[in-house]
Amino acid sequence: MQENKFLKFLSFMWNPLSWVMEAAAVMAIVLANGGGEGPDWQDFVGIICLLIINSTISFIEENNAGNAASALMARLAPKTKVLRDGHWQEQDASILVPGDIISIKLGDIIPADARLLEGDPLKIDQASASCI
């Protein structure tokens with residue numbers, strides 16, 4: 001499910017630093033400078049600009065980090081070498097079905113529960129689910 005980018009951006013204005021900046025902006029408008037002068041619009045605009053710049057930078061940084069994490073996860077998506085129609089093919093591990101024959105070698109991530117048909121005994125690191 002894709003998150004709403006606008007709501008994500010607004011969420012960066014909901015933290016203690018932003019609350020202080022928002023309160024300062026409101027006080028700049030509500031409180032007069034004294035001497036019969038009106039609200040301090042320059043301070044209000046300056047504070048709001050800083051708030052928007054701060055939120056924009058935070059949003060861009062987190063968005064870039066999220067994109068990098070998604071790209072990394074896509075690259076690390078488990079693939080496996082499976083025997084289909086008499087030929088070895090590299091396929092996504094998510095399409096394996098019971099009865100598929102897979103080929104594994106040293107360092108491979110084992111994509112599913114498997115039964116060893118032939119070869120040397122294996123030692124499996126279950127924390128990372130890879131062959132050692």
Side-chain angles (χ1 to χ4, degrees):
M1 182 175 147
Q2 193 74 338
E3 63 185 340
N4 186 324
K5 298 283 187 183
F6 182 70
L7 293 178
K8 183 71 172 176
F9 174 76
L10 289 180
S11 74
F12 288 103
M13 293 185 188
W14 189 254
N15 59 60
L17 175 63
S18 296
W19 297 335
V20 170
M21 292 174 72
E22 291 160 4
V26 168
M27 285 193 293
I29 291 296
V30 173
L31 302 176
N33 287 329
E37 294 182 29
D40 194 349
W41 290 103
Q42 292 83 7
D43 284 351
F44 173 77
V45 171
I47 293 168
I48 294 300
C49 286
L50 288 174
L51 181 63
I52 291 171
I53 290 169
N54 181 46
S55 297
T56 301
I57 291 170
S58 298
F59 173 77
I60 290 170
E61 289 296 318
E62 185 160 317
N63 193 47
N64 289 344
N67 291 343
S70 296
L72 182 59
M73 292 301 290
R75 279 189 58 198
L76 295 177
K79 298 232 179 234
T80 189
K81 199 170 183 183
V82 62
L83 184 63
R84 293 265 172 97
D85 301 322
H87 297 87
W88 289 103
Q89 309 168 17
E90 188 166 313
Q91 298 285 340
D92 288 332
S94 62
I95 67 166
L96 288 178
V97 295
D100 275 344
I101 297 176
I102 60 172
S103 172
I104 55 174
K105 63 184 182 311
L106 184 65
D108 278 355
I109 295 174
I110 299 174
D113 291 342
R115 184 179 324 145
L116 189 61
L117 298 177
E118 62 182 55
D120 297 328
L122 296 178
K123 180 179 176 188
I124 306 295
D125 176 5
Q126 293 184 17
S128 63
S130 63
C131 287
I132 300 176

Side chains of I48 and E22 in contact at under 4.5 Å (non-hydrogen atoms): no
Beyond-backbone contact of M13 with W19, side-chain heavy atoms, under 4.5 angstrom: no
Polar side chain donor-acceptor pair, N63 to K8, under 3.5 angstrom: no
Polar side-chain atom of S18 near backbone of W14 as donor-acceptor pair, under 3.5 Å: no
Non-hydrogen side-chain atoms of V26 and F44 separated by less than 4.5 Å: no
Closest non-hydrogen atom pair, D92 against K79: OD1-NZ, 2.8 Å
From CG (L17) to OG (S58), nearest 0.5 Å: 9.0 Å
Atom pair CD1 (I57) and CD (E62), whose distance is rounded to the nearest 0.5 Å: 14.0 Å
Heavy-atom side-chain contact between L50 and M21 under 4.5 Å: yes
I47 CD1 to I52 CD1 distance, which is reported to the nearest 0.5 Å: 12.5 Å
Minimum heavy-atom distance S103-T80, with the two atoms named: O-OG1, 4.5 Å
Any residue meeting side chain to side chain contact (heavy atoms under 4.5 Å, CB included) with I101, in chain and number order, not counting sequence neighbours: L83, W88, L117
Rounded distance (nearest 0.5 Å) linking atom CZ of F12 with atom CG of L7: 12.0 Å
N54 side chain to L51 backbone, donor-acceptor under 3.5 Å: no
Derivation and outcome, side-chain contact (heavy atoms from CB on, under 4.5 Å), residues T56 and F9: CA-CA 7 Å; T56 301; F9 174 76; 3.5 Å; yes
Minimum-distance pair of heavy atoms, taken over all atoms of R84 and D100: NH2-OD2, 2.5 Å
Heavy-atom pair with the smallest gap, counting every atom of A28 and D43: CB-CB, 4.1 Å
